[in-house]
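Shown next, in structure tokens, is the structure this report addresses.
Keep in mind that this is a model prediction, so the values were computed, not measured.
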Amino acid sequence: MSFSQALIPEFDQEMKTTRTLLERVPEDKLAWKPHEKSMTLGRLAGHLAELPGFVVSIIQLDELDFAAPKEGAPPRKPLIAESRQHVLEAFDAKAAAARPVIAGASDEHLAKMWKLSSAGKTIFAMPRGQAVRAMFMNHVVHHRGQLSVYLRLLDVPVPSIYGPSADEGKI
């Protein structure tokens with residue numbers, strides 16, 4: 001079984017779980033943040049919604065420089081949720097675009113090096129397959145954990161993720 005074939009069921013499950021959490025984002029709290037150094041709820045939800053697009057960049061580009069948009073393109077602007085529907089539509093579109101890119105990636109292609117940089121300074125370089133795991137899948141799980149804490153602090157029921165939650169005693 002290829003790496004991409006093994007990754008697809010995990011991708012599907014993580015995207016389903018992430019969408020379930022995004023469905024709980026309270027629209028009246030998008031500007032809320034638990035700490036001065038934290039992202040707002042709207043920014044965190046927006047970041048989760050845009051992350052599936054990151055895997056497309058990892059697989060299709062040889063490198064990504066956060067500070068340097070493609071020639072002629074406007075500067076990158078982070079997605080900030082304007083509403084629950086806005087963030088869900090963005091997430092659904094990015095996840096739908098990412099799945100076939102992952103499924104179509106060969107092991108040979110995923111073994112090629114990929115680089116992430118900012119303003120020409122390398123942040124890291126690693127094989128694409130490793131970047132898919134570390135900078136996409138783990139990244140989604142990390143921020144989804146943050147979002148579940150935001151929801152808990154706002155007294156919004158947290159769905160079951162890897163097992164029962166305190167709000168939903170089911171899997």
Side-chain angles (χ1 to χ4, degrees), residues 3-4 6-59 64 66-67 69 74-103 114 116 118 123-124 126 128-171:
F3 180 75
S4 63
L7 190 60
I8 286 296
E10 182 180 359
F11 172 84
D12 290 343
Q13 182 60 43
E14 297 300 342
M15 295 304 100
K16 178 182 173 189
T17 303
T18 301
R19 191 180 202 289
T20 300
L21 203 62
L22 289 171
E23 289 170 352
R24 308 275 173 109
V25 169
E27 292 188 321
D28 63 335
K29 301 289 185 192
L30 296 175
W32 182 85
K33 56 185 179 177
H35 187 273
E36 187 56 37
K37 294 180 182 178
S38 299
M39 288 186 258
T40 65
L41 175 62
R43 175 63 192 119
L44 179 57
H47 188 52
L48 265 168
E50 64 193 354
L51 277 175
F54 191 41
V55 75
V56 174
S57 296
I58 293 169
I59 293 172
L64 179 65
F66 282 139
R76 287 186 183 88
K77 183 178 173 188
L79 179 66
I80 299 173
E82 297 169 7
S83 68
R84 182 182 310 116
Q85 187 65 30
H86 173 239
V87 79
L88 289 171
E89 287 174 1
F91 176 78
D92 289 345
K94 298 281 187 184
R99 192 179 195 282
V101 171
I102 295 167
W114 183 79
L116 180 67
S118 182
I123 298 169
F124 68 78
M126 63 179 67
R128 278 186 173 86
Q130 186 180 351
V132 166
R133 169 70 59 207
M135 288 306 298
F136 169 61
M137 295 299 280
N138 294 354
H139 199 158
V140 166
V141 170
H142 163 73
H143 287 301
R144 197 174 61 212
Q146 285 182 305
L147 182 56
S148 67
V149 171
Y150 279 39
L151 296 180
R152 171 68 68 229
L153 292 171
L154 291 169
D155 205 29
V156 174
V158 176
S160 297
I161 296 176
Y162 294 119
S165 73
D167 300 307
E168 295 181 2
K170 61 181 179 174
I171 295 178

Rounded to the nearest 0.5 Å, what separates atom [atom1] in [X] from atom [atom2] in [Y]?
{"X": "Leu51", "Y": "Arg144", "atom1": "CG", "atom2": "CZ", "result": "11.0 Å"}
{"X": "Ile80", "Y": "His86", "atom1": "CD1", "atom2": "NE2", "result": "9.5 Å"}
{"X": "Gln130", "Y": "Ile58", "atom1": "CD", "atom2": "CD1", "result": "11.0 Å"}
{"X": "Glu14", "Y": "Leu7", "atom1": "CD", "atom2": "CG", "result": "10.0 Å"}
{"X": "Thr20", "Y": "Glu168", "atom1": "OG1", "atom2": "CD", "result": "8.5 Å"}
{"X": "Trp114", "Y": "Leu64", "atom1": "CH2", "atom2": "CG", "result": "5.5 Å"}

Taking the side chain as C-beta and beyond, is there a heavy-atom pair between [X] and [Y] under 4.5 Å?
{"X": "Leu22", "Y": "Arg84", "answer": "no"}
{"X": "Glu82", "Y": "Leu30", "answer": "no"}
{"X": "Leu116", "Y": "Met126", "answer": "no"}
{"X": "Val158", "Y": "Arg24", "answer": "no"}
{"X": "Val25", "Y": "Tyr150", "answer": "no"}
{"X": "Val156", "Y": "Lys29", "answer": "no"}

Name all residues meeting the side chain to side chain contact (heavy atoms under 4.5 Å, CB included) criterion together with [X]; count only those two or more places apart in sequence or in a different chain, and write none if there are none.
{"X": "Ala98", "result": "Phe11, Pro52, Val55, Val56"}
{"X": "Ala49", "result": "Leu79, Val87, Ala90, Phe91"}
{"X": "Val149", "result": "Leu153"}

Aromatic centroids of His47 and His139 separated by under 6.0 Å: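 Yes, ring centres under 6.0 Å apart.
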
Give the minimum heavy-atom separation between [X] and [Y], together with the two atoms involved.
{"X": "Gly145", "Y": "Ser148", "value": "O-OG, 2.7 Å"}
{"X": "Ala103", "Y": "Ser4", "value": "O-OG, 3.5 Å"}
{"X": "Phe124", "Y": "Met135", "value": "CZ-CG, 3.0 Å"}
{"X": "Ile59", "Y": "Arg128", "value": "O-NE, 3.3 Å"}

Greater than 12 external heavy atoms within 6.0 Å of Asp28's CG: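 Atom CG in Asp28 is packed in, count exceeds 12.
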
Report, one line per pair, each donor and acceptor closer than 3.5 Å where one atom sits in a side chain of residues 34-42; sequence neighbours left out.
unit_1	atom_1	unit_2	atom_2	d
His35	ND1	Lys37	N	3.0
Thr40	OG1	Arg43	N	3.1

Partners passing salt bridge (Lys or Arg N to Asp or Glu O under 4.0 Å) against Arg19 (at least two apart in sequence or in another chain):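 Glu23, Asp92.
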
Which residues share a salt bridge (Lys or Arg N to Asp or Glu O under 4.0 Å) with Glu27, sequence neighbours left out: none

Pair Thr17, Gln13: side-chain N/O donor-acceptor within cut-off below 3.5 Å: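 Yes - a donor-acceptor pair under 3.5 Å links their side chains.
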
